[in-house]
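As the structure is a prediction and not an experimental result, all values here were calculated from the model. Positions are given from 1, in the same order as the sequence printed here.
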Amino acid sequence: MSFLIINQNKIEILQKGQDGTPIIILTGMGCSFDEWYEVTESLSKSNRVIMFHRPGLGASEIGNEVRNTQAVVNEVSEMIHLLKLSEPVILVGHSYGGLCVQHFVKEHPENVAGIVLVDSTSVELKVLDDLNLPVLNEGSTDEFWMEKCRSYSQMKREELSEIINPTLTEKQKLLPNDIQKRLIDFQINPSLYKAMHSEISNWKRDGDIIQNLVVCLDIPLIVISRDKEHNIRLGTMEGLPEWELRLFEEKWQELIMNQINLTSNSKLIIAQEASHSIHIDRPDIIVQSINKLNSLFN
């Protein structure tokens with residue numbers, strides 16, 4: 001781990017590998033780059049892999065700046081400059097990180113050799129609010145999460161630890177002990193929730209802004225979608241209504257499929273047996289996709 005000073009904030013950077021086309025991976029909202037351990041270990045054998053914690057996440061500092069996709073675009077651009085990355089990069093984005101990737105590639109296409117969107121948040125995300133999902137929406141609206149994040153951001157680590165009782169998935173329990181500890185500590189950082197509050201409050205506006213950036217792109221793009229039926233099964237096992245799950249998952253997959261229109265050179269992959277956390281459930285799919293892009297450049 002190392003740090004860069006970006007916009008007067010100390011930003012935590014993860015770098016692995018030395019050779020090949022540089023790969024920059026942007027994590028989802030509230031997600032640590034340590035979740036990507038398997039992916040980065042594999043990719044670092046052939047590529048230089050770079051990840052960072054956005055302000056407020058991990059050990060990265062946060063001030064009172066607005067956290068939106070434009071801020072991330074600016075940070076990635078500055079990071080590329082500070083790390084002296086002279087060649088275009090492969091840009092990977094998961095969930096909210098994918099929304100940021102879509103913004104970056106429209107503003108700085110000359111810096112991007114290839115794109116992988118991993119179950120990315122859609123620029124059309126506000127259409128999900130129009131779905132009639134009384135049970136799924138209970139306790140999951142933007143307003144609910146912003147209030148929860150606002151409250152958490154004002155607590156101390158000890159309080160958050162008691163309330164959240166952070167846990168690891170069974171797969172994460174197989175990771176090295178130091179990574180497991182970092183993943184637990186990541187979840188009880190009040191600054192994380194300060195950052196999330198700002199990101200949530202701006203992401204629908206961000207989606208509109210990105211949609212209105214009209215750029216013709218032919219950059220190689222791979223869009224990876226979660227497994228719709230797998231997610232419906234998981235939800236019904238938790239007692240959620242199947243008809244709501246199906247309505248949501250069908251709209252989500254439609255929005256994912258629309259993302260292939262970001263460039264004229266794109267491919268869609270369905271990650272079988274994967275939830276939204278494809279990097280945890282099917283890291284092999286992500287590695288294979290990036291290696292396909294690698295083969296175009298080497």
Side-chain angles (χ1 to χ4, degrees), residues 1-2 12-54 57-58 76 79-80 83 85 87-98 100-101 104-105 111-120 168-184 186 219-227 230 256 266-298:
M1 247 55 70
S2 60
E12 187 178 18
I13 306 288
L14 172 70
Q15 296 191 74
K16 293 182 180 180
Q18 304 291 330
D19 306 313
T21 303
I23 300 168
I24 297 178
I25 304 174
L26 303 187
T27 65
M29 187 179 293
C31 295
S32 167
F33 55 48
D34 288 313
E35 294 182 5
W36 288 72
Y37 180 81
E38 284 186 76
V39 173
T40 57
E41 282 291 288
S42 180
L43 292 175
S44 65
K45 296 171 185 174
S46 57
N47 291 74
R48 181 180 179 185
V49 184
I50 302 157
M51 299 189 71
F52 75 108
H53 280 146
R54 295 186 294 275
L57 281 62
V76 172
M79 186 174 68
I80 287 172
L83 295 176
L85 302 181
E87 63 179 298
V89 305
I90 295 174
L91 200 54
V92 181
H94 170 241
S95 195
Y96 177 76
C100 299
V101 164
F104 185 91
V105 73
N111 292 131
V112 183
I115 310 161
V116 179
L117 296 177
V118 183
D119 216 39
S120 171
L168 301 175
T169 67
E170 290 305 311
K171 287 190 176 182
Q172 288 174 334
K173 290 176 183 176
L174 301 175
L175 296 174
N177 289 335
D178 61 322
I179 299 294
Q180 292 187 44
K181 183 179 186 306
R182 283 171 54 84
L183 286 168
I184 291 291
F186 183 90
I219 300 168
L221 162 67
I222 297 177
V223 175
I224 306 176
S225 171
R226 68 192 188 213
D227 183 336
H230 176 70
I256 293 289
S266 58
K267 178 180 181 180
L268 174 70
I269 295 175
I270 307 296
Q272 299 296 329
E273 301 295 310
S275 69
H276 182 54
S277 298
I278 297 173
H279 57 296
I280 296 173
D281 295 338
R282 293 297 308 273
D284 58 307
I285 295 282
I286 297 174
V287 171
Q288 288 169 16
S289 297
I290 293 172
N291 284 336
K292 283 180 185 175
L293 294 182
N294 261 329
S295 67
L296 300 176
F297 313 134
N298 300 322

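- In this structure, Ser120 OG and Ile224 CD1 are separated by 11.0 Å, a value rounded to the nearest 0.5 Å.
- Here the side chain of Asp281 pairs a donor or acceptor atom with the backbone of Ser275 at under 3.5 angstrom.
- Rounding to the nearest 0.5 Å gives a distance of 5.0 Å between CD1 of Ile290 and CD1 of Ile23.
- Checking side-chain atoms of Asn47 against main-chain N and O of Thr21 turns up a donor-acceptor pair under 3.5 Å.
- Taking each heavy atom of Ile219 and Ala113 in turn, the nearest pair found is CG2-O, 3.5 Å.
- The shortest side-chain heavy-atom distance between Tyr37 and Gln180 does not fall under the 4.5 Å cut-off.
- Looking at Asp34, its side chain never comes within 3.5 Å of a backbone N or O of Ile179 through a donor-acceptor pair.
- Between Asn291 and Ser46, the closest side-chain pair of non-hydrogen atoms falls below 4.5 Å.
- For the pair Leu14 and Ile25, the minimum side-chain heavy-atom distance is 4.5 Å or more.
- Screening Val89, Leu91, Ile24 for a side chain to side chain contact (heavy atoms under 4.5 Å, CB included) involving Phe104 leaves a single residue, Leu91.
- Looking at Thr27 and Trp36, their side chains come closer than 4.5 Å, going by heavy atoms from C-beta outward.
- Scanning for salt bridge (charged side-chain N to carboxylate O under 4.0 Å, His left out) contacts around Lys173 gives Glu170, with sequence neighbours left out.
- Of all heavy-atom pairs spanning Leu57 and Cys31, the tightest one is CD2-O, 3.7 Å.
- Shortest non-hydrogen contact noted between Gln272 and Asp227 is OE1-OD2, 3.2 Å.
- Judged purely by atom type and a 3.5 angstrom limit, Arg54 has no side-chain atom pairing as donor or acceptor with the backbone of Leu26.
- Ring orientation note: the planes of His53 and Phe186 are tilted relative to one another, at an angle of 30° to 60°.
- In this structure a side-chain-to-backbone donor-acceptor pair under 3.5 Å is missing from Ser42 to Val39.
- Looking only at side-chain heavy atoms (C-beta outward), Leu83 and Gln15 come within less than 4.5 Å of each other.
- Residue Pro88 comes nearest to Pro22 through the heavy atom pair O-CD, 4.2 Å, listed as atom of the first residue, atom of the second, then distance.
- Separation of atoms CG (Leu43) and CG (Asn294) is listed at 8.0 Å; rounding is to 0.5 Å.
- Using a cut-off of 4.0 Å between Lys/Arg side-chain N and Asp/Glu carboxylate O, Glu87 and Arg48 are scored as not salt-bridged.
- The two residues Pro220 and Leu293 make their nearest non-hydrogen contact at CB-CD2, 3.7 Å.
- Here the OG atom belonging to Ser32 is positioned 9.0 Å from the CD atom belonging to Gln172, to the nearest 0.5 angstrom.
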- Item | side-chain contact (heavy atoms from CB on, under 4.5 Å) assessment of Phe52 paired with Val76 | CA-CA 9 Å; Phe52 75 108; Val76 172; 3.9 Å; yes
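- The CD1 atom of Ile222 sits 10.0 Å away from atom OG of Ser266, with the distance rounded to the nearest 0.5 Å.
- By the neighbour-count criterion of 12 heavy atoms within 6.0 Å, atom CD of Glu38 is sparsely surrounded, having that number or fewer from other residues, nucleotides or ligands.
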- Message: Val118 vs His279, test: side-chain contact (heavy atoms from CB on, under 4.5 Å). Steps then yes/no.
- Response: CA-CA 8 Å; Val118 183; His279 57 296; 5.5 Å; no
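- Rounded to the nearest 0.5 Å, atoms NZ (Lys171) and CD (Glu35) are 13.0 Å apart.
- Nearest heavy-atom pair, Ile269 versus Lys292, reported as atom, atom and distance to 0.1 Å: CD1-NZ, 4.2 Å.
- Scored by the salt bridge (charged side-chain N to carboxylate O under 4.0 Å, His left out) test, Arg282 finds Asp284 as partners (sequence neighbours excluded).
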